[in-house]
Structure formats: structure tokens, C-alpha cells
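Reckoned from all heavy atoms, side chains included, excluding hydrogens, waters and symmetry mates.
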Amino acid sequence: MLTLPIIQPEAAAPAKPRKPDWLRVKLPVGPEYAAVRRLVDEHKLHTICESGNCPNMGECWGAGTATFMILGNICTRSCSFCAVATGRPSEYDTDEPRRVAEAIQLMGVKHAVLTSVNRDELKDRGASIWYETVVQTKRLSPETTIETLIPDVKANWDALDTMIAGGQEVVSHNMETVGSLYRLVRPQAKYERSLEQIRRTYEAGKRTKSGIMLGLGETRDEMYKAMDDLAANGLHILTLGQYLQPTKRHLEVAEFIHPDVFAHYREEGLARGLKYVESGPLVRSSYHAERHVNVPIN
């Protein structure tokens with residue numbers, strides 16, 4: 001009698017976590033949104049709202065605000081979480097500071113957030129454009145407050161000094177994740193170097209800010225350590241939000257973090273010495289940024 005072999009069924013692949021209801025957002029609509037859309041197009045500006053697929057674009061643009069991305073839209077880094085295109089940038093527009101400043105004036109923005117791609121190929125990392133954009137914005141719109149979300153300068157501290165010298169109220173540099181995940185998430189960055197950049201910004205007397213994405217596989221103890229490290233290096237403001245996979249080519253979401261956990265991290269951050277913590281699934285670096293200009297720095 002022929003005995004047939006017993007074939008074991010293949011182990012099922014672990015199911016991907018489903019996006020929960022609390023991450024659903026409204027599509028961008030309305031006249032205010034359309035007005036911002038028109039100005040961005042007319043002035044040939046880049047916004048991280050679009051390039052980063054931000055889930056709050058509808059809310060922020062609907063309120064007549066936007067986060068402008070200077071120095072082009074091609075990044076020299078290849079971070080595994082980011083939707084901004086990677087490559088060799090060709091754009092370097094010395095007239096960009098004027099165009100950004102004029103757009104901010106036309107929009108009547110009360111609080112502007114400026115960010116940029118990494119420009120590692122530039123000797124000054126684009127610091128002169130950063131400085132001029134802040135200075136010219138302040139010149140045209142003296143009542144407008146400004147946050148600059150600056151990239152990693154790769155220990156070019158002269159470039160950092162120039163970037164933060166224009167008169168902005170908040171200087172932000174995102175850690176993005178905990179130390180153990182840096183090689184995976186930010187392969188061309190270093191955890192300790194980003195901490196030093198924040199410390200040097202604090203020592204220059206600036207209001208410091210950073211952001212971390214949750215749901216990449218970090219543990220609670222690693223989050224506690226990151227908050228302790230940031231507080232020890234002079235951070236004032238921390239934003240915590242859920243990582244969302246921008247395309248199938250990017251890192252998958254390891255976990256969708258419940259809003260209650262975000263609330264817990266907010267309390268932990270404050271208890272560990274941070275001045276202000278914005279924490280929630282849909283929080284991004286520039287979300288409610290206008291509230292951060294009044295955070296005390298002493």
C-alpha cells in the first residue's frame with residue numbers, strides 16, 4: 001500500500017496591521033486650500049506638505065498656512081521612511097529666498113515653517129539660502145514668526161551657526177526615531193550627531209524642537225531613553241506622531257500606536273524635563289507649530 005507523504009501547510013505570512021479609524025483624515029478642500037494651492041503653483045514653491053504626503057495638509061492649508069521646502073525637492077539622503085525624491089540635486093536658486101518671502105507676505109501667514117532637503121553636496125549645506133530666506137521673510141513680514149526645520153549638517157557647525165542666525169523663533173531638527181533604529185531608518189545620519197546639533201542650537205540661545213515617529217518597532221524603554229537624551233541636550237519641544245508608509249518601497253509600519261499610548265508619552269516627556277510635548281497619531285513636525293513660539297526657553 002502506497003503511503004502518501006504528509007504535506008504541512010506553509011506558515012501564513014504575518015498579517016500587516018490594518019490602518020485604524022483614528023488615522024482617517026479629510027481630503028483637502030475649500031477656498032482657503034485652493035488659494036494656497038494657487039500661490040504655491042504661481043511662485044513655483046515646494047512644500048513638504050506635498051512632498052512628504054502629510055496627512056494634515058487639508059487642515060493646515062485650509063487654515064491658510066503651509067510648510068515651505070527650500071533648496072529644491074531632490075534630497076541627497078535616502079532615508080527609508082521619507083517620500084521626498086532621492087538623487088543628485090541640480091536646483092540651486094539664489095532668488096528663492098525672495099520668492100518664498102513674497103509668497104508668505106501674499107498669504108498673510110502669521111507663522112511660517114521652513115524646511116529643506118539635505119544638500120550634502122554643498123560646502124555650506126545650503127546655509128546661505130536658509131539665512132537669506134529667514135532674513136527676507138522677516139523684512140517683508142516683520143510680524144510673522146518663523147520656525148526652521150533644518151537638516152543634519154554632518155557636523156559642519158559653521159553651517160549650523162549660519163542657519164540659525166536669521167532671527168527665527170524656533171529651530172527644529174528631527175531625530176525621527178530611537179537610537180537602535182538609526183541604521184535602518186536614517187542610514188546616513190548618526191543619533192549622537194543629531195543630539196549634538198540640538199545641544200549646540202540650545203547653547204546658542206535658541207528655542208529647540210525635534211520630532212520622533214512611532215510605529216517603526218521601537219520599545220517603550222527606547223522611547224524613554226530618547227526623551228531623556230533629548231532633555232539632557234537642551235530640547236524644549238518634542239512632537240510625536242505615527243509613522244505612515246508613504247509607498248510600498250519604504251519601510252512598513254510595524255505597529256499602529258493607540259492614542260492612549262501617545263497621551264502616555266506626552267506625560268512622560270513632560271515629567272522627564274521637556275517643556276512642551278505635542279503627541280498624537282496624526283501629529284507632524286509643523287502641526288500646531290504656531291503654539292510653539294511661546295514655549296519658555298529658560
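- When the options Val134, Val113, Ile70, Val170 are evaluated for a side-chain contact (heavy atoms from CB on, under 4.5 Å) with Thr148, the one that passes is Val134.
- For the side-chain contact (heavy atoms from CB on, under 4.5 Å) criterion with Leu240, the lone passing option out of Val261, Ile212, Val283 is Ile212.
- In this model, no donor atom of one side chain and acceptor atom of the other lie less than 3.5 Å apart for Arg249 and Ser80.
- Between Leu114 and Ile104, the closest side-chain pair of non-hydrogen atoms falls below 4.5 Å.
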Original post:
Where do Glu290 and His288 land on the side chain to side chain contact (heavy atoms under 4.5 Å, CB included) test, with the steps shown first?
Top reply: CA-CA 5 Å; Glu290 70 282 354; His288 292 160; 4.2 Å; yes
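- What you find for Gln188 and Ser78 is that their closest heavy atoms are OE1-N, 2.7 Å.
- Counted within 6.0 Å of CZ on Arg183, heavy atoms from surrounding residues, nucleotides or ligands total 12 or fewer; the atom is thus considered open.
- Ile198 is listed as a side-chain neighbour of Ser210, based on a closest heavy-atom distance under 4.5 Å.
- With rounding to the nearest 0.5 Å, the separation of CD1 in Ile129 from OH in Tyr92 is 4.0 Å.
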**OP:** Go through the steps to decide whether Asp95 and Arg98 satisfy the test salt bridge (Lys or Arg N to Asp or Glu O under 4.0 Å), and finish with yes or no.
**Re:** CA-CA 6 Å; Asp95 191 46; Arg98 178 192 62 81; 2.6 Å; yes
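- Under 4.0 Å is where a charged nitrogen must lie from a carboxylate oxygen, and between Asp152 and Arg77 at least one such pair does.
- Inspection of the Gln245 and His250 side chains reveals no N or O donor paired with an N or O acceptor under 3.5 Å.
- Ile150 is listed as a side-chain neighbour of Gln197, based on a closest heavy-atom distance under 4.5 Å.
- Leu140 and Leu106 fall into different hydrophobic clusters, where Ile, Leu, Val, Met, Phe, Trp and Tyr are joined by side-chain heavy atoms under 4.5 Å apart, directly or via other members.
- Both Met175 and Phe262 are part of a single hydrophobic cluster, where members link through side-chain heavy atoms under 4.5 Å apart.
- Remark: aromatic rings of His236 and Tyr276 are distant, center separation not under 6.0 Å.
- Residue Met223 holds its CE atom at 8.5 Å from OG1 of Thr177, rounded to the nearest 0.5 Å.
- Tyr191 places none of its side-chain heavy atoms less than 4.5 Å from the side chain of Val178.
- For the pair Gln242 (side chain) and Gly280 (backbone), a donor-acceptor distance under 3.5 Å is absent.
- Summarising the geometry of Ser286 relative to Thr67, their closest heavy-atom pair is OG-OG1, 3.0 Å, with the distance given to 0.1 Å.
- When the options Gln168, Glu169, Glu147, Lys275 are evaluated for a side-chain contact (heavy atoms from CB on, under 4.5 Å) with Arg207, the one that passes is Glu169.
- Put simply, the side chain of Lys138 does not reach to within 4.5 Å of the side chain of Thr144, judged on heavy atoms.
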**OP:** Decide yes or no on side chain to side chain contact (heavy atoms under 4.5 Å, CB included) for Tyr265 and Leu214, but give the supporting numbers first.
**Re:** CA-CA 11 Å; Tyr265 282 138; Leu214 275 65; 3.3 Å; yes
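- Within the 4.5 Å cutoff, the side chain of Asn233 has no heavy atoms near those of the Glu196 side chain.
- Across every non-hydrogen atom of Ala289 and Lys209, the tightest pair is CB-NZ, 4.0 Å.
- Within the model, atoms CD of Glu268 and CG of Asp228 stand 9.0 Å from one another, a figure rounded to the nearest 0.5 Å.
- A donor-acceptor distance shorter than 3.5 angstrom exists from the side chain of Arg119 to the backbone of Leu71, with no hydrogens or angles considered.
- Linking Ile, Leu, Val, Met, Phe, Trp and Tyr residues whenever their side-chain heavy atoms come within less than 4.5 Å leaves Leu270 and Ile297 in two separate clusters.
- Counting only distance, with no hydrogens or angles, the side chain of Asp260 and the backbone of His264 share no donor-acceptor pair below 3.5 Å.
- Counting only heavy atoms from C-beta outward, the side chains of Leu216 and Leu251 approach each other to under 4.5 Å.
- For the atom pair OH of Tyr224 and OG1 of Thr219, the computed distance is 9.0 Å after rounding to the nearest 0.5 Å.
- Grouping the Ile, Leu, Val, Met, Phe, Trp and Tyr side chains by contacts below 4.5 angstrom, directly or via other members, places Val171 apart from Leu149.
- Of the inter-residue distances, the one linking Glu203 atom CD with Thr208 atom OG1 reads 11.0 Å to the nearest 0.5 angstrom.
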**OP:** Report the C-alpha distance between Glu218 and Ile257 in whole Å, list the side-chain angles of each, state the deciding distance to 0.1 Å, and finish with yes or no for side chain to side chain contact (heavy atoms under 4.5 Å, CB included).
**Re:** CA-CA 11 Å; Glu218 70 288 333; Ile257 308 300; 4.3 Å; yes
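- A salt bridge is absent between Lys225 and Asp221: the closest approach of a Lys/Arg side-chain nitrogen to an acidic carboxylate oxygen does not fall below 4.0 angstrom.
- Here the shortest heavy-atom pairing between Arg125 and Asp120 reads NH1-O, 3.5 Å.
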Subject >> CA sep, side-chain torsions, deciding dist, call: Lys110, Glu143, side chain to side chain contact (heavy atoms under 4.5 Å, CB included) >> reply: CA-CA 7 Å; Lys110 294 180 180 179; Glu143 299 303 314; over 6 Å; no
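- Asp124 and Thr162 share no donor-acceptor pair across their side chains, judged by distance under 3.5 Å alone.
- With hydrogens and angles disregarded, no donor-acceptor distance shorter than 3.5 Å links the side chain of Ser285 to the backbone of Gly211.
- Between the side chain of Thr76 and the backbone N or O of Asn118 there is at least one donor-acceptor pair closer than 3.5 Å.
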**OP:** Evaluate the side-chain hydrogen bond (donor to acceptor under 3.5 Å, both in side chains) criterion for residues Ser180 and Glu222: first the C-alpha distance (whole Å), next the side-chain angles of each, then the deciding distance (0.1 Å), finally the verdict.
**Re:** CA-CA 8 Å; Ser180 67; Glu222 287 174 329; 2.6 Å; yes
Subject >> side-chain hydrogen bond (donor to acceptor under 3.5 Å, both in side chains) between Ser194 and His173, worked out >> reply: CA-CA 8 Å; Ser194 282; His173 173 63; 2.9 Å; yes
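- At a threshold of 4.5 Å between side-chain heavy atoms, the hydrophobic network of Ile, Leu, Val, Met, Phe, Trp and Tyr places Tyr202 and Leu195 in two separate groups.
- Nearest heavy-atom pair across Pro142 and Arg139 is CD-O, 3.9 Å.
- Distance OG1/Thr201 to CH2/Trp157: 8.0 Å, rounded to 0.5 Å.
- Between Phe256 and Pro20 the shortest heavy-atom distance is CG-CD, 3.5 Å.
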**OP:** Show your reasoning for whether salt bridge (Lys or Arg N to Asp or Glu O under 4.0 Å) applies to Asp93 and Arg99.
**Re:** CA-CA 10 Å; Asp93 183 0; Arg99 291 188 293 104; 2.7 Å; yes
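- Using a 4.5 Å heavy-atom threshold, the side chains of Thr239 and Tyr287 count as separate.
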